[in-house]
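A quick write-up on the structure given underneath.
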Amino acid sequence: MTWWSGAIGYEIYPRSFADSSGDGVGDLEGIRRHLDHLTWLGVDALWITPFYPNPGFDHGYDVSNYVDVDPIHGTLDDFDRLVADAHARGLRVIVDIVPNHTSHEHEWFRKAIADPSSAYRDYYIWKDPAPNGGPPNNWVSHFGGPAWTQDARSGQYYLHLFLPEQPDLNWENPEVAREFDEILRFWCERGVDGFRIDVAHGLVKDVRFRDNPQIREPTPDMSAGEVFHCYEHRYDLDQNRNIGVFRRWKRVVSEYDAMLLGEIGPDNPARHARYHDAGQALDRNFYLSPVWSSWQPMILRDKLRALEMIGGDSIAWVTDSHDASRSPTRFGGGDRGRYRSLCLTTLMFGLGGMPFLWEGQELALEDGIVAVEDRTDPVSTRNENPAGGRDGARTVMPWDTSHCNGFTTAPEPWMPSQPRPAELTVAVQKADPDSWIHRYRRLIELRKKHPDLHEAPAEWIDGDHGLTMTLRRGRCLVAANLDDHPSHVHLPDGNWSLVFTSRPDGAGVVAGELELDGETAAILLVG
Ligand code: GLC
């Protein structure tokens, strides 16, 4: 048994979780002071997004030193205290590692650019201009514009799948691999229990740097994301050789009983599953389609079922993250969006693997409201078309009804946003047993109390039709009706009782039939 079998995770964006120093930016000490919230909720592991020194072009995902803490978030001592206190409470700590790119301010890149003959030059990906003087190929950045920037001094272009301030590392260079072995060991020695791997599907690139096939013509009015999807990312992403990097990492972290949790982009279930490599590479992989999409029941049904059947245990199931609009907003807004989101999460809690909640998801938060002039995400601030900006998901955690929802004592948080109403705060929801936070907590409690829900072999019992997904695992059964009309499930023999319903009074058992309201999920136990 590994520590992560059956575990439930919780994602923390340190800037926005809790500010202990009063400067308006969340910090590691703020997280430490709120560990009780996480133990009360019942999760097993926290994934903390990057807190390393960084110039802030992508809020931490532009790392300038992999083995320290950014002063805005605290110190290494704060980190050690956080890990010690988390462990004392039985909570595991997963840190975020960013191996696809560094910051342009990392000393490796500074040296690479200052002296093209330096050994660090080959830590990055440099190419001569195309014959017309332009970029070496047609690759585009996830964040808008070409994926290449010309270095005036040498005339060569360097690759960046994200911002020009995030130059891509060259994973063909054995020195880069060696550096990362050391970085992993540094954090393992400090007691971390795992690594979430940023853009895990992006590290290795096509050896010939061929043009990506174009699917449609990009137009000037498109958002960065739309332009990105004008291409099939055949040569910049998802190369088979990525998996070799993680086999190597697995050998390193296994010595410390730490896990590898990949951010895996491909939507195709079979391509996605290969990163697990029968337990030789990544232990759990985020499946991100439900994080990016609107409410699309048919697609969700087909994709989730296919993934579960290929290997649900290797998946980290999520509806939300710091990278997309919050699911209650994305799924239609208001209580309808909230119920859809909980319906999907309930199903995910039965799919095996490792479900994750994103901070504030337990409150059923919709996106926060950020004034245009206060936006900070480069996806919106650096493109003509601001669509796809992630600021709304990243507003501060509403703890209570005091100043700045109890997040900070500073006059304003790092990214000002409209305060949340009382009913969306932790303090008020905790006091009300019918609130969202109690529903999420009950769901977490149930998964722990009935290990069959993730351990017992899964058997889909709903056939291939309709929008009701029903999965039996040993003594448990999970059913989710993704349709907006009520549905029925013919229950297997036995005395089944309802133990959880995502919507109050949304389900009932009558004469061997489960009746489910539209967009409702339920968990049943057989006596
Ligand atoms: C990942 C992160 C995202 C970041 C990007 C570049 O997708 O989740 O927040 O902007 O990588 O590092």
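Being a predicted model, the structure only gives us computed values, none of them experimental. In listed order, ligands and their atoms are each counted from 1.
- The single protein non-hydrogen atom nearest to atom 2 (C) of ligand 1 is Asp198 OD1, 3.0 Å, given as residue, atom name and distance.
- The structure places CG of Asp236 at 8.0 Å from CG of Leu159, a figure rounded to the nearest 0.5 Å.
- Taking the six-membered ring where the residue is Trp, His322 and Tyr61 present parallel rings, their angle staying beneath 30° rather than reaching 60°.
- Relative to the six-membered ring of Phe209, Lys127 meets both conditions, a distance below 6.0 Å and an angle of at most 45° to the axis.
- Every residue two or more places apart in sequence or in another chain that forms a side-chain contact (heavy atoms from CB on, under 4.5 Å) with Asp181 is listed here: Arg248, Trp249, Val252.
- Residue contacts with ligand 1 for Arg196 involve side-chain atoms from C-beta outward but no N, CA, C or O (heavy atoms, distance under 4.0 Å).
- For His101, the heavy-atom gap to ligand 1 drops under 4.0 angstrom.
- Residues satisfying the side-chain contact (heavy atoms from CB on, under 4.5 Å) test with Asp302, not counting sequence neighbours, are none.
- Ranking the protein heavy atoms by distance from atom 9 (O) of ligand 1 puts Asp323 OD1, 2.6 Å first.
- The atoms of ligand 1 that sit less than 4.0 Å from any heavy atom of Val199 are 11 (O).
- When each atom of ligand 1 is checked for a heavy atom of Phe143 under 4.0 Å away, the hits are 10 (O).
- Short contacts between ligand 1 and Asp58, defined as distances under 4.0 Å to a heavy atom of the residue, involve ligand atoms 4 (C), 5 (C), 6 (C), 10 (O), 12 (O).
- Counting the atoms of ligand 1 from 1 in the order shown, those under 4.0 Å from a heavy atom of Glu263 are 1 (C), 7 (O), 8 (O).
- The shortest heavy-atom distance from His160 to ligand 1 is not under 4.0 Å.
- Protein heavy atom at the shortest distance from atom 5 (C) of ligand 1 is Phe162 CE2, 3.7 Å.
- Considering Leu363, Asn405, Thr425, Ile12 in turn, Leu363 is the only one that fulfils the side-chain contact (heavy atoms from CB on, under 4.5 Å) rule with Met397.
- In this structure, Arg390 has a heavy atom closer than 4.0 Å to ligand 1.
- Of all the heavy atoms in Tyr124 and Asp168, the pair that sits closest is CD2-O, 3.3 Å.
- At least one heavy atom of Arg394 sits closer than 4.0 Å to an atom of ligand 1.
- Exactly one of Asp78, Asp80, Asp68 qualifies for a salt bridge (Lys or Arg N to Asp or Glu O under 4.0 Å) with Arg190. That residue is Asp80.
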